[in-house]
Amino acid sequence: MATERYNARTSEPKWQKAWDQAKLFETSNDDPRQKYYVLEMFPYPSGRIHMGHVRNYTMGDVVARHRRALGYNVLHPMGWDAFGLPAENAARDRGVNPRSWTYQNIEAMKAQLKVMGLSLDWAREIATCDPSYYKHQQRMFLDFWKAGLVERRSAKVNWDPEDMTVLANEQVVDGRGWRSGALVEQRDLTQWFFKITSMSQELLDSLDMLDKWPEKVKLMQANWIGRSQGVLLRWPLDPATAPSGETELEVYTTRPDTIFGASFMAIAGDHPLARKSAEGNPALAAFIEDIRHGGTSAAEIETAEKKGFDTGLRVVHPFDPDWLLPVYVANFVLMDYGTGAIFGCPSGDQRDLDFANKYGLPVVPVVMPEGADAKTFRILEEAYVDDGVMINSRFLDGMAPKQAFDEVATRLAGVSVGGRPQAERKVQFRLRDWLISRQRYWGCPIPVVHCESCGAVPVPQSELPIELPVDVTFDRPGNPLDHHPTWKHVDCPQCGRHARRDTDTMDTFVDSSWYFARFTDPWNEAAPTTLSVVDGPNGWLPVNQYIGGIEHAILHLLYSRFFARAMQATGHLNSVSEPFEGLFTQGMVVHETYRGPDGWVTPAEVKVEDFDGSRRAFLLTDGTPIEIGSIEKMSKSKKNVVDPDDIIGSYGADTARWFMLSDSPPERDVIWTEAGVEGAHRFVQRLWRLVSEAAPTLAGVVPASASEGVAGAISKAAHKTVKAVGEEIERLGFNKAVARIYELANALQAPLAEIAAGKASPAVKSAAREALDMLVILIAPMMPHLAEECFAVLGGSGMVADKPWPDFDQALVVDSEIVMPVQINGKKRGDLTIARDADQGAVEKAALELEVVQKALEGKKPRKVIVVPQRIVNVVV
RNA sequence: GCGGACGUGGCGGAACUGGUAGACGCAAGGGACUUAAAAUCCCUCGGCUUCGGUCAUCCGGGUUCGAUUCCCGGCGUCCGCACCA
């Protein structure tokens, strides 16, 4: 019986239109069913979707469609992270308008996403560059400010003198601006900050409750927040050496226990004491200048030598007025951590040891391993950093370091120097406040007016949004908002005198820190969120399943966690402080690279052939041999990009989706291969054949499960697959769900051929009918178009996208008879088929009667017989 | 340097809390159908083997009746942070 091949090109648009017309994926906030919120990280509208998007959105779509089938009220929205530098770069490079460039890109990408057949609620689409979105962001900025969560202060920034703008650290390459190539300067600018450090402890502690987040991401966040417990310790300066007005040096240390091993102090080049000392000391000034210009790249830091310069200053040891220690300026001490000063204990810190050895400073061991001899224990090239016993430390000798820590902290806390205790316990975080000011055009304007007499004044809420001007030019460097002839000139909202708008815009991470909340009611013009639907008993948040790339493990996710708390504090959320209940970080899409005589070549230009197991590549046009390079992330520079449009155009969306879900575990990288895509496409065709060829003979057959014979085997296979696929989708094991579906298709192949040939019993037909009905629904989350087509040919009414997930019969999922492997001395030697509920004694008896066992025993008694119920029998001879 | 993850056929990968190692797919080889090709279908597919076995999950030890899984020590790959006091 000849069946036409499945034609994705006609089928897919047809069903997409049908879903659209039925408004199947438009979600109502009033729907009383249990809510489920699936979200994939929204894209930047660069112009075209890439394979990473295809993978990300396919996974989300499987979860969304599966939950929908399970009867949830599913929210699965899509929007655009639409502010950012590329639009401005396009404006500078090609003279286009950032706004129209962005909106054109959105249109193009939306069309591409639609072709993928995603179950998205487009009625809730938002773009962060739209005033109807950023209006609320401006309002929240002001609310946060009022709540004490925003601060304006001076900060060091990377300044590109040519482009006249601030650069993010990532935009500084080898000390130069990534676009201009100009040497970047450190400048002090007054900037806006979100006070995320006020929540350091809370953000750290709450990580423990995120049990549906990858451990890896939680660990990365914990390290980023970087809590350490130590002591602030004040060392009096030796008056004979101190600069005028200076009396002490304050350091932060996590190891006060090693205080008797101290042999020097080290301060950062930017430390006030260093600057003061340098005033009358040109050599020191030159040294400070030198280390300031040291490279900051990873490679340079790794190889950087420990360098220091003796300031001539001396400090007095807190426990010994006669003990003076030198103060060095050192290149490895950072001004922005702790106090910018440390005491060096060479025996307990490798860095300090290297430094001491270089400058001939004493090395006194103060901790030795348990059981070592204090008289002979020496530290030469390697510091001892582990736990042990205190030595050479006067009243601390014999204590454990932890005990010594407390002893020192307590003793010095009781000593008053200048009216303050000499030591104070202090918890220190690595986390910095979030600098949100950017000197750029294409971002959310900061709604503040600067007035000479009133200072920084919030724009009244009634005047929001402060919209970006449309008539801007990019013909000169710097911020177009600053250059605009009129935009920044306004009257002060407080005193009415002439004032100036803040011309900075917000970091685009602000835009993405609350979009998930906006999706819950994007129609609310009066407020960022609608409290009755955003969270709480009838609300959407937290997002039940959030899916995106690992590259956002720290910043985006941490900022969003901060935002949720800040929104709660300012009344924009009811009770949710963790915005994402479940997080999944998917792997990248990677591809082989190809390199010809004239550089990188795209996969589309290459044909790969197999010669006795070794693969070789040639140029399609003239057969030039091409070198097959390493497998790498798809990138324009390596030209190893495969365009989703091409794949969907030639194979269809379902093939692309199926391939993305097959084989590779979703958290790992998936290697895009032509052979793999063809394999996926073969399965699409095979399923279609399977269903469409059987459909005529199964028309009108009533689905029913069976438990015996051929029909029973069919039913058991189907019901087991329903169970397994459901479980795997729930734990996002898409590759395993795919494998189970292959197994069912394999199991149905032969019986369906019999049926098509008219040789099957009614029971078999009924079982097959039920199995096929189930199969069609099982594939629907992954290959929704094919599923609809199969459903239709089987005579189903309505659409699969609207059908409930099938139930499985527990009795069919467990076999009444099982095959137990029988081991002798832990090696498998035979099988035992026995009733599932057979008791241990019966199993043991049956196992011992097996021929292989009898043979191994040679008439002797077994030493031991282990029976693991329903698992295995092991006979120890 | 610190922290973490991982290491299984030619390849991507399965194997639930320690219980039959290699599910499923890709590639390869053989066969059927065809004038031929494509498509499709069937078979084989870790090594060695005297066909009974035997060795195999990075390497070396250990715990256990039994280890891909747990412990110790190496080696390798990848990721994050980076002179954090």
Side-chain angles (χ1 to χ4, degrees), chain A residues 5 214-217 219-224 226-228 230-231 233 251-256 258 266 268 294 296 298 301-302 304-306 330-334 336-345 348-352 354-355 385 428-430 550-551 553-554 610 612-615 658-659 662-665 667-671 673-680 682-683 685-686 689 727 731 733 735-743 745-746 749-750 753 819-831 855 862-877:
Chain A
R5 281 170 68 80
E215 287 302 320
K216 179 180 165 168
V217 173
L219 191 75
M220 280 163 71
Q221 291 220 350
N223 288 340
W224 187 261
R227 183 184 199 270
S228 71
V231 168
L233 200 55
V251 306
Y252 176 71
T253 179
T254 55
R255 296 295 303 275
T258 64
T296 51
I301 287 168
E302 203 164 344
E305 197 185 349
K306 306 280 170 278
N331 64 342
F332 62 88
V333 180
L334 309 173
D336 59 359
Y337 187 79
T339 61
I342 62 162
F343 78 75
C345 172
D349 184 293
Q350 191 59 43
R351 227 177 15 193
D352 295 349
D354 294 345
F355 191 85
V385 296
Q428 184 80 36
F429 294 95
R430 215 189 67 109
I550 186 76
E551 68 273 18
I554 297 172
D610 211 292
D612 297 325
S614 84
R615 297 170 68 247
W658 185 251
F659 175 78
S662 311
D663 291 354
S664 287
E667 69 278 7
R668 266 191 243 180
D669 290 352
V670 61
I671 305 171
T673 64
E674 192 68 15
V677 181
E678 275 167 15
R682 266 202 301 276
F683 187 63
Q685 293 297 347
R686 192 177 140 207
R689 253 191 338 269
E727 286 170 355
R731 63 174 90 122
N735 57 323
K736 290 179 232 167
V738 162
R740 298 289 87 81
I741 289 174
Y742 270 113
E743 278 174 2
N746 291 345
Q749 184 106 351
V819 178
M820 287 178 83
V822 177
Q823 296 183 330
I824 292 166
N825 296 332
K827 300 239 156 137
K828 193 198 162 192
R829 282 295 179 273
D831 288 313
K855 209 171 143 194
R863 201 134 60 90
K864 200 171 177 186
V865 179
I866 292 136
V867 178
V868 183
Q870 298 172 26
R871 271 278 159 83
I872 203 163
V873 183
N874 191 14
V875 181
V876 185
V877 180

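Below, all heavy atoms of this structure are taken into account, side chains as well, without hydrogens, waters or symmetry copies. As the structure is a prediction and not an experimental result, all values here were calculated from the model. In what follows, chains are A, B, ... by sequence order, proteins preceding strands, each numbered from 1.
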Here the distance between atom P of B:U20 and atom CD1 of A:I824, to the nearest Å, is 16 Å
Winner on side-chain proximity to A:S228, out of B:G19, B:C24, B:A85, is B:A85
note: A:F343, atom CZ; B:C84, atom P; distance rounded to Å ~ 15 Å
- prompt: If we take the P atom in both B:G74 and B:G1, what is their distance in whole Å?
  reply: 13 Å
Practice problem: Identify whether any heavy atom of A:R871 sits under 4.0 Å from a base atom; if not, whether one sits that close to sugar-phosphate; answer base, sugar-phosphate or nothing. | Solution: sugar-phosphate
Against the side chain of A:P821, the closest entry in B:C24, B:C83, B:U20 is B:U20
Taken to the nearest whole Å, CZ/A:R430 to P/B:C2 is 17 Å
Taken to the nearest whole Å, CD1/A:I866 to P/B:U20 is 14 Å
Nearest-nucleotide check on RNA chain B, A:T673 vs A:R255; residue mapping nearer the 5' end is A:T673
Please work out if A:V670 contacts a base, only the sugar-phosphate, or nothing of the nucleic acid, heavy-atom cut-off 4.0 Å. nothing
Side-chain atoms of A:K736 come closest, of B:A15, B:C41, B:G19, to B:A15
Sugar-phosphate, base or nothing in reach of A:Y252, heavy atoms under 4.0 Å:
base
Next item on the list: Tell me what A:L334 touches on the nucleic acid: a base, only sugar-phosphate, or nothing, going by heavy atoms under 4.0 Å.
Entry: base
Looking only at B:G12, B:U40, B:G80, the nucleotide nearest the A:M220 side chain is B:G80
The reported gap from CE in A:M820 to CZ in A:R871 (rounded to nearest 0.5 angstrom) is 10.0 Å
| task | Using the C1' atom on both, measure B:G22 against B:U57 and round to a whole Å. | result | 9 Å
Using distance alone, with no hydrogens and no angle criterion, decide if A:R686 and A:N746 have a side-chain donor and acceptor under 3.5 Å apart.
yes
message = Classify A:Q749 by what it touches in the nucleic acid, base, sugar-phosphate, or nothing, heavy-atom distance under 4.0 Å.
response = sugar-phosphate
Handout entry: OP1 or OP2 of B:A23 under 4.0 Å from side-chain N/O of A:N735
Key = no
Next item on the list: Taking atom C1' in both B:G76 and B:G25, compute the distance separating them and give it to the nearest angstrom.
Entry: 28 Å
- Task: Select base, sugar-phosphate, or nothing to describe what A:V876 touches, counting heavy atoms under 4.0 Å on all strands.
- Result: sugar-phosphate
Heavy atoms under 4.0 Å, any strand shown: does A:S662 hit a base, just sugar-phosphate, or nothing?
nothing
Taking atom P in both B:A28 and B:U34, compute the distance separating them and give it to the nearest angstrom.
24 Å
Just to confirm, is there a sub-4.0 Å distance from OP1 or OP2 of B:A38 to any side-chain nitrogen or oxygen of A:R682? no
- Query: Taking atom types as modelled, is there a side-chain donor on A:S228 or A:Y252 under 3.5 Å from an acceptor on the other?
  - Reply: yes
Students often get this wrong, so: under 4.0 angstrom with heavy atoms, is A:R731 touching a base, only sugar-phosphate, or nothing?
nothing
query = How is A:E743 classified with respect to the nucleic acid when contacts are heavy atoms under 4.0 Å: base, sugar-phosphate, or nothing?
reply = sugar-phosphate
Correct closest heavy-atom pair for A:A268 and A:V333 would be CB-O, 3.3 Å
Separation of the C1' atoms in B:C42 and B:G46, to the nearest angstrom
23 Å
Rounded to whole Å, CG of A:N825 lies from C1' of B:U64 at a distance of 13 Å
### Query
So, is A:R668 near the phosphate of B:G13, with a side-chain N or O under 4.0 Å from OP1 or OP2?
yes
Between CG of A:D349 and C1' of B:C84 the distance, given in whole Å, is 11 Å
Query raised in the report: Expressed as a whole number of Å, how far does the P atom of B:A38 sit from that of B:A23?
Result: 27 Å
To the nearest 0.5 Å, atom CZ of A:F332 lies from atom CG of A:D354 at 9.0 Å
Kindly say whether, by distance alone, the side chain of A:K306 makes a donor-acceptor pair under 3.5 Å with the base of B:C83? yes
Checklist entry - Can you tell me if the side-chain N/O atoms of A:Y337 get under 4.0 Å from OP1 or OP2 in B:A85? => result yes
> So what does A:D336 hit on the nucleic acid, given a heavy-atom distance under 4.0 Å: a base, only sugar-phosphate, or nothing?
Replying inline: nothing
Rounded to whole Å, CD1 of A:I550 lies from P of B:G80 at a distance of 9 Å
If you measure from the P atom in B:C11 to the same atom in B:C58, how many Å do you get, rounded? 13 Å
Between CD of A:E678 and P of B:A27 the distance, given in whole Å, is 8 Å
Closest of B:C41, B:G12, B:A39 to the A:R5 side chain is B:A39
Value for CD1 (A:I550) from CD (A:E667), rounded to nearest 0.5 Å, stands at 10.5 Å
side-chain N/O A:R686 vs B:A39 OP1/OP2, d < 4.0 Å: no
Inset, instruction - Using the C1' atoms only, state how far B:U68 lies from B:A21, rounded to an integer number of Å. - result: 8 Å
